[in-house]
Participant: 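There's a structure below that I have some questions on.
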Amino acid sequence: MNSTSDESEILHIVSSFEYSTKLELLLLKLEENGIPKKHIVAIPLDKKREQKKGLFDTIHHSDGVSVVDLGFILGMILMLLGVIYGYILPIGPIFLAFIGLLLGFGIGTFTKYLYLKRKKNQYNREQNRGNSYD
């Protein structure tokens with residue numbers, strides 16, 4: 001048999017799906033069942049929509065953006081400074097460390113939140129500028 005007759009025996013199945021992780025698992029299952037990767041084609045039919053991002057990540061979804069990371073870092077630094085200077089000041093190292101932790105966490109989280117909000121607004125302005133039909 002020549003190669004043209006082999007290609008005519010291939011069954012093509014065409015269907016449309018909304019993109020999801022279940023679709024990815026289905027494609028993986030097809031590969032595990034012996035269908036070569038070169039015979040599977042998956043093409044998204046619509047533009048990728050930006051999902052609404054929550055403030056915190058969950059077990060099932062992570063957007064890769066953390067609001068509290070800077071808060072943890074600044075909280076640790078101010079807590080350390082609170083312990084160091086707490087031995088000098090009459091308020092004490094434990095209480096001053098706790099105050100430093102809360103203050104650093106609050107400042108860091110608020111700063112990161114404002115930064116992400118500003119970055120999101122800039123992105124939205126650039127998208128709106130590119131979509132205008134002047």
Participant: Looking at side-chain heavy atoms only, is the closest gap between K120 and N124 below 4.5 Å?
Facilitator: yes
Participant: Within this structure, what is the NZ-NZ distance for the pair K112 and K119, rounded to the nearest 0.5 Å?
Facilitator: 8.0 Å
Participant: Give the cluster check for Y113 versus L116: same hydrophobic cluster or not, with ILVMFWY residues linked at side-chain heavy-atom distances below 4.5 Å.
Facilitator: yes
Participant: Could you give the side-chain donor-acceptor pairs of residues 87-97 under 3.5 Å, partners two or more places apart or in another chain?
Facilitator:
none

Participant: Do you know which two heavy atoms are closest between I107 and T111, and how far apart they sit?
Facilitator: O-OG1, 2.7 Å
Participant: Does L81 have any side chain to side chain contact (heavy atoms under 4.5 Å, CB included) partners at least two apart in sequence or in another chain, and if so, which?
Facilitator: I77, L78, Y85
Participant: Quick one: pull up OG1 in T109 and CG in L114 and give me the separation to the nearest 0.5 Å.
Facilitator: 11.0 Å
Participant: About how many Å separate OG1 of T21 and CG of L25, when rounded to the nearest 0.5 Å?
Facilitator: 6.0 Å
Participant: Distance check, rounded to the nearest 0.5 Å: I35 atom CD1 versus L27 atom CG?
Facilitator: 10.0 Å
Participant: In the hydrophobic clustering that connects Ile, Leu, Val, Met, Phe, Trp and Tyr at side-chain heavy-atom distances below 4.5 Å, which members other than M79 occupy its cluster, ordered by chain and number?
Facilitator: L101
